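Since the model is a prediction, treat every value here as computed from it, not as a measurement. Lettering of chains follows the sequences in order, A, B, ..., and the numbering in each one begins at 1.
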Amino acid sequence: MIITNTRGTQDILPADMMYWHHIETTARSIFNIYHYQEIRTPIFEQSELFERGLGNDTDIVSKEMYTFLDKGNRSLTLRPEGTASIARAVIQHPQLTKHNQAKLYYCGPMFRYERPQAGRFRQFHQIGVENIGNAHPFTDAEVISLGLHLFDELGIPGLSVSINSVGCPVCRPVIQERLKQFIGNTLKHLCGDCNRRFDQNPLRILDCKNDTCRTYFTGLPDIHKSLCHDCKDHFNSVVEYLDSLGVPFDIDPKLVRGLDYYTKTTFEIVSDKLGAQNALCGGGRYDNLVRKMGGKDTPAVGFAFGVERAVMILKEFSEIVKREDPLIFVAPIGFNQQTRCFHLMNELRRAGLKCEMDYSKEDLKSQLKIADKMEASYCLIFGEEEAERNEIILKDFKKRSQDSHPIDHIVEILTQKITPQ
RNA sequence: GUGGACGUAGCUCAGUCGGUAGAGCACCGGAUUGUGGUUCCGGUUGUCGUGGGUUCAAUCCCCAUCGUUCACCCCA
């Protein structure tokens with residue numbers, strides 16, 4: 001049996017690499033404009049980091065982590081998300097927050113043990129930003145509009161933004177209590193999932209897709225009325241700033257994220273082109289995470305988006321222009337001319353020109369066929385006749401023309417043709 | 001973790017109501033041996049996902065397993 005990749009992982013082949021590069025370089029350039037700096041953290045961490053950071057009752061921690069013991073009996077976990085590691089790094093390296101703030105971005109693989117599905121993998125890639133140290137609602141608005149700016153620049157169409165506030169440790173229990181009171185009597189009519197959510201995460205009940213459940217939800221009290229003063233003000237400000245920036249969004253009281261560390265603002269950018277897993281990007285504020293992990297009281301807000309999902313949309317709905325350097329195919333006629341061509345190819349490469357040669361063929365016809373399959377732009381043909389005259393034929397595939405040139409000048413001639421003015 | 005669909009050449013798929021398989025594309029070779037892309041001619045595609053069962057006989061039926069895929073839970 002041949003060995004294949006494991007479930008939920010995938011090889012990213014050269015044919016797709018243009019999408020990945022496009023996303024990575026665009027993200028870097030946008031992050032730079034907003035003055036965020038890259039940080040790279042380890043792919044595995046102490047399991048406790050995620051257990052404490054994300055919350056033991058979350059789905060990610062309770063059933064989706066790749067956790068293992070190393071040879072020193074340490075419990076380690078392949079990171080399921082990026083924020084906990086960033087919080088850890090910020091606490092561990094005080095120089096990151098010497099101006100009482102850190103604006104960081106990261107990209108790389110994440111790991112969750114889930115059933116694979118459209119747009120969902122066990123190893124997947126996220127690119128995210130974290131704005132740490134700023135409590136002002138401008139920050140929330142900046143982060144959200146940064147996300148939108150990035151997706152605009154990437155050329156991803158048909159996105160919509162949803163935002164919500166999940167409150168803080170002061171008012172969230174109040175919200176949950178009100179919800180439980182409202183729903184409590186009808187609990188026996190609700191589905192199994194809702195009953196489970198009632199204890200674990202009551203806010204999530206609102207998002208149930210079961211039609212019978214939904215009939216019991218009419219007339220629900222407005223969640224936002226239960227927010228404390230501080231949270232309400234903050235939320236209203238974020239909404240106002242987004243409006244003033246011209247960012248289109250919907251307020252979605254049902255938007256609850258699955259990680260315990262979120263406070264106040266949560267948001268999601270979804271695409272109707274992704275199938276059931278329609279979230280391209282998710283994020284929010286986490287004012288208590290850094291302190292909870294043992295650091296100073298530090299407000300923060302951030303988001304992450306799934307690179308595979310972005311690639312999915314780009315592949316289907318957007319034209320990416322593949323920009324490649326023209327390829328020069330070097331074709332000696334007969335094995336006697338190979339060595340000279342081999343050296344010429346070395347010179348071309350030293351001059352920064354992309355070239356290729358097939359060492360196993362000596363007849364011109366098959367070499368031209370190969371050059372054509374490689375989509376070469378030029379072919380250098382060098383046979384006995386050329387060798388005698390110290391010349392070489394330069395064939396232009398696009399123009400379907402060819403000329404003979406002194407072999408000593410060919411590097412210079414090609415450099416002038418290919419190098420952009 | 002739960003449920004449905006699927007698993008045949010490199011790719012897309014057809015097929016056998018049980019007698020070990022095909023079509024297109026791709027690939028390889030050729031059309032007077034120093035000129036590709038179009039055309040024409042010819043050729044190879046494969047332990048029919050894996051293991052077991054039923055049967056004289058299975059790729060086709062049954063079971064298991066692995067994988068893919070879609071949905072739920074949840075999430076990027």
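Nucleotide C72(B) holds its P atom 15 Å from the CD atom of E64(A), rounded to whole Å. What separates CG of D59(A) from P of U2(B) is a distance of 15 Å, to the nearest Å. Atom CZ of R120(A) is separated from atom C1' of C73(B) by 8 Å (rounded to the nearest Å). Rounded to whole Å, atom P of U69(B) lies 15 Å from atom CG of L274(A). Atom CZ in R257(A) sits roughly 15 Å away from atom C1' in C73(B) (whole-Å rounding). Counting to the nearest Å, the C1' atom of C70(B) and the CZ atom of F121(A) are 13 Å from each other. Atom pair Q10(A):CD and U69(B):C1' shows a separation of 14 Å (rounding to whole Å applied). What separates CD1 of I60(A) from C1' of C73(B) is a distance of 13 Å, to the nearest Å.
Between the C1' atoms of G10(B) and U45(B), the separation comes to 9 Å (whole Å). On the C1' atoms, U12(B) is 16 Å away from G46(B), given to the nearest whole Å. Only the P atoms considered, C28(B) is 45 Å distant from G4(B), to the nearest whole Å. Comparing the same atom, P, in U69(B) and in G30(B) gives a spacing of 40 Å after rounding to whole Å. To the nearest whole angstrom, the two C1' atoms, one in U68(B) and one in U8(B), are 15 Å apart. Taking atom C1' on both G49(B) and G42(B), the two are 33 Å apart, rounded to the nearest angstrom. U32(B) and G19(B): their C1' atoms are spaced 49 Å apart (whole Å). Straight-line distance between the P atoms of U59(B) and A21(B): roughly 11 Å, to the nearest whole Å.
Pair assignment for A76(B) gives none, since no Watson-Crick or G-U wobble pairing has each distance under 3.5 Å. Across all strands shown, nothing is found opposite G37(B) as a Watson-Crick or G-U wobble partner with both distances under 3.5 Å. Of the nucleotides present, A5(B) is the one that pairs with U68(B) by Watson-Crick or G-U wobble criteria, both distances under 3.5 Å. The partner of G51(B), taking Watson-Crick or G-U wobble pairs whose two distances both stay under 3.5 Å, is C63(B). Across all strands shown, G46(B) has no partner, as no Watson-Crick or G-U wobble contact with both distances under 3.5 Å is found. For G24(B), the paired base is C11(B) (Watson-Crick or G-U wobble, both distances below 3.5 Å).
The two residues V166(A) and L255(A) come nearest to each other via the heavy atoms CG1-O, 4.0 Å. Here the closest non-hydrogen pair linking P137(A) and V238(A) is CB-CG2, 3.7 Å. Minimum heavy-atom separation, Y34(A) to L146(A): CD1-CD1, 3.5 Å.
In this structure, E130(A) CD and L104(A) CG are separated by 8.0 Å, a value rounded to the nearest 0.5 Å. Here R285(A) contributes atom CZ and T139(A) contributes atom OG1; the two are 5.5 Å apart, rounded to the nearest 0.5 Å. Note that CD1 of I418(A) is 7.0 Å distant from OG of S377(A), once rounded to the nearest 0.5 Å.
In this structure, K417(A) forms no cation-pi arrangement with Y378(A), as its terminal cationic atom is not both closer than 6.0 Å to the ring centre and no more than 45° off the ring axis.
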Can you tabulate the close N/O pairs, meaning under 3.5 Å, that link protein atoms to atoms of nucleotides 64-67 of chain B?
none

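Ring planes of H136(A) and Y241(A): parallel class, angle under 30° (limits at 30 and 60°).
Within 4.0 Å of G119(A), counting heavy atoms only, lies at least one base atom of the nucleic acid.
Legend: salt bridge (Lys or Arg N to Asp or Glu O under 4.0 Å) pairs involving residues 159-179 of chain A, not counting sequence neighbours: none detected.
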Run the numbers on E386(A) and R340(A) for salt bridge (charged side-chain N to carboxylate O under 4.0 Å, His left out), then give the verdict. CA-CA 12 Å; E386(A) 288 71 28; R340(A) 185 86 188 268; over 6 Å; no

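Considering only side-chain N and O atoms, Q117(A) lies nowhere under 4.0 angstrom from the phosphate OP1 or OP2 of C70(B).
Nearest-nucleotide mapping onto RNA chain B: of Y113(A) and L259(A), the residue sitting toward the 5' end is Y113(A). Comparing R112(A) and A276(A) against RNA chain B, the residue whose closest nucleotide sits nearer the 5' end is A276(A).
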Quick one, give me the B/S/- string for nucleotides 33-38 of chain B, reading 5' to 3', where B means a protein heavy atom under 4.0 Å from the base and S means that only happens at the primed atoms, P, OP1 or OP2. -BBBB-

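Not a single donor-acceptor pair, N or O on each side, falls under 3.5 Å between the base of C72(B) and the side chain of R115(A). Contact annotation: side chain of E114(A) to base of C73(B), donor-acceptor pair absent below 3.5 Å.
D358(A) and Q367(A) share no side-chain donor-acceptor pair at under 3.5 Å. With no hydrogens or angles considered, a side-chain donor-acceptor pair links D140(A) and T265(A) at under 3.5 Å.
With A76(B), C70(B), C73(B) as the choices, the nucleotide that has an atom nearest any side-chain atom of A118(A) turns out to be C70(B).
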